Amino acid sequence: MARLHFTLVALCLLVWAATPGAAPDGNIMTAANRAAARQPRKCNEQLNAARHSGSARAPHGAQYQPGTAAPAFRIQTLDGDFTYPPPAGERISVVLHAFTNKSAFLECLWTDRSSLAALVQQLPEDSHVVFASLDDSGCSDVQWMRAQIQHAAKLRGKDVLGRMHFSSVPVFGLGNWIPSVLYSWTCDGVNCGLSQVVFTSKEWGTPIVAKRLDAKYDWLMGRWTPVSHPLVDGADGCSVAPAVAGAVAWVSEGNCSFFAKVKNMASSKALGVLVYAGLGDPIQLMDCAGAECYTQLSIPASMVHLELAVADALRGQKPVNVSFQRTPSPNFFFGIDQDGKLAEMGWFLYPTFKFLVWQTQWFDYAQQLHGQLQKPSQTINVFNHTLMQGDRGAVATVGLPEDLFSFDVFQLDTSLSCPDPWDESCAPWDHTVQLFVCCDRQGPLCGLELGRWITAFRRGIGRWLTDASPLLALLDGGVCTFTMKTVPWAKPWITSLNLRFSKSNQSISGKQSEALQPFLLQPLFNGGTFDKNYNKGYKPINFTVPASTRKVEIYAVITGHGSDDQGCCEFCVTSHHFVVNDKFNHSMVFDEAGTAFGCADHVTEGVVPNEHGTWLYGRGGWCDGQQVTPWRTDITSQLDMTGSNTVLYFGLYNGRDPNPTSNPGYIIMYSYVVFFK
Ligand SMILES: *[C@@H]1O[C@H](CO)[C@@H](O)[C@H](O)[C@H]1NC(C)=O
Ligand SMILES: *[C@@H]1O[C@H](CO)[C@@H](O)[C@H](O)[C@H]1NC(C)=O
Ligand SMILES: *[C@@H]1O[C@H](CO)[C@@H](O)[C@H](O)[C@H]1NC(C)=O
Ligand SMILES: *[C@@H]1O[C@H](CO)[C@@H](O)[C@H](O)[C@H]1NC(C)=O
Ligand SMILES: *[C@@H]1O[C@H](CO)[C@@H](O)[C@H](O)[C@H]1NC(C)=O
Ligand SMILES: *[C@@H]1O[C@H](CO)[C@@H](O)[C@H](O)[C@H]1NC(C)=O
Ligand SMILES: *[C@@H]1O[C@H](CO)[C@@H](O)[C@H](O)[C@H]1NC(C)=O
C-alpha cells in the first residue's frame, strides 16, 4: 500500500514538473513533458488587444444572474475554436472553470489523482468544460491543465478530451460576457477567494504571502484567526516538540500521517500547524484515514509550499511570525444548463472535480425531469412561488378534478427555491418539509401527510417529481386545503407545487384490468422518540378488506433524525418492519446512513449537489435536498380478503430495540394501508 501510494505521488510530480518553464533545468524529458512538447503551442500573440477590448466591456455584472439565458460566445482554444451554442438540436451543458495558480485549493484540485480521475471518468456525456486562467500566464497555465487531463485520460480513453476546451487567452482577455460573470458572481466558501499565509520577520522587508490549503472541512474543525502568531519549527511533527507551545508549528511533509503531525503538535500545545510540501511537491488535502478519524483534534492546520526564506530564518533562530488571511477573487466556476441558462455550481466542500461532476449530473437530472413534465397530465397548481415560512407555512385551497378516480397516477411536482436567484439567499440547514392535506374537515383523513422533502442547505435549485399514486385515496373531496411547512424557525423558502393526475399505460391501452385505482386508505403507524420504549407503543392494527378490493399495499414514508450516542437516527442504520398477519415480515433498512457518499451517489436521482455542509453522507432514509421516496409493498396475497387481518410495526437499531444512553433521536413516519380496485 505504501509503495502504491509512493508511485501515485511520483506520477503526480512528473506531470507537475511538466509545466512549461517549471522544470528547473528544462532538460528532463518525462513522458508527460514530451507529450506536451508535441502539442502545437498556440498562445495568443494578440493578448494586449484582447485585454483592451475585454476590460472596456467588463462592468455589466448585474446583468447576468443564475437563470439568465447565456449569450452566444466563441473562445479560441489550444485545439481550435469552441462556439456556444452548439449546432442546432444538440443539447449540452457547459461548465466554465477559471484557474489561478494563486489558489492552493485549485492547485490541489488539479494535482490530486482522484480528482482528475473523477473528471475524466465521470463527466456526463453531454457536458463540456471550458478551462481558462485568471492570470497573465494563462496560456501556459492551460497547457499545463491540458497535460494534467491528458495524463489522467490515458487511463480511460480519449473520448472525454473532445469535451474539454482550453482557452488560449486568459479570462480578462476573452472579450465577451464571461469575465463579468466570473468577476461579479458572489461566492462564499472555497470556490473563490485565496486563502493565504503571511510570514513576517525582521529578516526580510515586505511580508512573504503564500497560498495555503486548510485541512479538510469536516476533519479539523479548528479555524485560523487573523491574529499574528510566532512560527516555530516542529521538525517532521512525528513526535512531540515542546518548543512549539504557544506558537504555530512549522512541520515537514512525510514520515508520518497528517493526523500524527497534528496530534503531536496539539499535545505540544501548538496553536496550529503548517505542514509544508516537499520541494516541488503539490499541496495536498490534509485528511485523516480510518480509525484516526475518531479522535477529535481541535487546532487548525493547513498545507503550504516550502518557503526557503522562512525555513532559513527558522534554522538561524530568527523570529518569524505568521498570520492568516483570505483575499477575494473572481468565482472559479459557473455553469450553463441544457436549457442555456446560467447556473451557479454550489459549494466545493474540498478540492476535487467530483463536485463539478455532481453539478453536471444534476443538469442531466433536471433535463430529464423537464422531459417527464412534458408528458400529458391534468395538472392542478397549488403553490406558485409561494412563501413558506413560520408556523403557518404555505397554505392553499384548491378544487380537484371531478373525475379524480379515473386516474391511477398521481404525482407531486415540487420545487423549493429562494427569495432571489442566488444560492446565497437560500436558507441554511437541512430541514424536513411536510405537505399535509385536508379535504373533509370532519373526516378521519383530514391533516394526513401527502409528501415529504428535506431542504437543500443554501441551494435553491431543487425540483422533484414524486409518485404518490396510492395517496389519491387521501383526496376524498372536491376541494382540499394543502399546507406545506418546515420548522417555524427556518428562514423562508419559496415553494411551487403542482399535482399531476394521469393515466398509466395500462389504463390508456384500455387494459383496465391492470390499471388499479386506489380508492380507500387507512392510516397505520406514526413515528416517535427512538429510545428503549419506542416499540412498546405499537400494537397490532386490525383491518378488513373492503368488497371489490383487487390489491392492497402498505405505503410508508419514514425518516430518521437526531443524534444520540450512536448517531441515531440521522447517521445510524435503522430498520423498519411491518409484520402482516403475524407472519409476513416486510422490512426497510436504511443501510446507506452514515456512508461517505450515500447521498452524493444519488445526485442522478435529484439530490441537490454541492450544498453547504456535509450533504454527501448517507442518512436515515433521506438526503439533504431531495424528496423522501415513499416505500410501497404489495401485501394482497398475504391477506384474508373476507376476514380480519393485522399489521404490526416495529423499528430496530442493529437488529435490536434501540437503547441510546443519551439524547435519543426520533423517527418521523406516516404509514397507510391502501386498497385498490
Ligand atoms: C505555479 O506557480 C509556481 C511558482 O509559484 C510554479 O512553480 C508553478 O509552475 C506554477 N504552476 C502553474 C500551473 O502555473
Ligand atoms: C509576532 O506576534 C507576537 C504575538 O503573537 C507579537 O507580539 C509580535 O509583535 C509579532 N512580531 C512581529 C515581527 O510581527
Ligand atoms: C524523516 O525522518 C528522518 C529520520 O528521522 C529524518 O532524517 C528526515 O529528515 C525526516 N524527513 C522529513 C521530511 O522530515
Ligand atoms: C405562476 O405565476 C406566474 C406569474 O407570477 C405565471 O406567469 C404562471 O403562469 C403561474 N403558473 C401557474 C402554474 O399558475
Ligand atoms: C408507457 O409507454 C411508453 C411508450 O410505449 C413507454 O416508453 C413507457 O416506458 C411506458 N411507461 C410505463 C410506465 O410503462
Ligand atoms: C384484532 O383482532 C383480533 C382477532 O383477530 C382480536 O383478538 C383483537 O382484539 C382485535 N384487536 C382490536 C384492537 O380490535
Ligand atoms: C423481521 O425481520 C427483521 C430483520 O430481518 C428481524 O430482525 C425480525 O426479527 C423479523 N421479525 C419477524 C416477526 O419475523
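Just follow the structure's listing: the first ligand is 1, and inside any ligand the first atom is 1. Everything numeric here is computed off the predicted structure, so don't read it as measured data.
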Student: Stepwise, does the side-chain hydrogen bond (donor to acceptor under 3.5 Å, both in side chains) test hold for Ser257 with Glu292?
Tutor: CA-CA 10 Å; Ser257 70; Glu292 291 177 346; 2.9 Å; yes
Student: Please identify which atoms of ligand 3 are closer than 4.0 Å to at least one heavy atom of Asp236.
Tutor: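 It comes down to these atoms of ligand 3: 1 (C), 2 (O), 10 (C), 14 (O).
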Student: Name the residues with a heavy atom less than 4.0 Å from ligand 2?
Tutor: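 Within the 4.0 Å shell of ligand 2, which is judged on heavy atoms, sit Thr200, Ser228, His229, Pro230, Asn321.
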Student: Decide whether an N or O pair under 3.5 Å exists between Glu253 and ligand 3.
Tutor: no
Student: Kindly say whether Pro319 contributes a backbone atom to a donor-acceptor pair with the side chain of Ser201 at under 3.5 angstrom?
Tutor: yes
Student: Any N/O of Asn384 closer than 3.5 Å to an N/O of ligand 4?
Tutor: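 Yes.
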Student: Pairing donors with acceptors under 3.5 angstrom, does anything connect the side chains of Thr397 and Thr481?
Tutor: yes
Student: Compute the centroid of each ring, for Trp622 and then for Trp453, and state whether the two points are separated by less than 6.0 Å.
Tutor: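 No, the ring centres sit 6.0 Å or more apart.
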Student: Under 3.5 Å, is there a donor-acceptor pair between the Gln361 and Thr604 side chains?
Tutor: no
Student: Judged by atom type as modelled, is there a donor-acceptor pair below 3.5 Å linking the side chain of Thr68 to the main-chain atoms of Gln65?
Tutor: yes
Student: Has Arg459 got a side-chain atom pairing as donor or acceptor with Val608's backbone, closer than 3.5 angstrom?
Tutor: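 Flag not set: sc Arg459 to bb Val608 has no pair under 3.5 Å.
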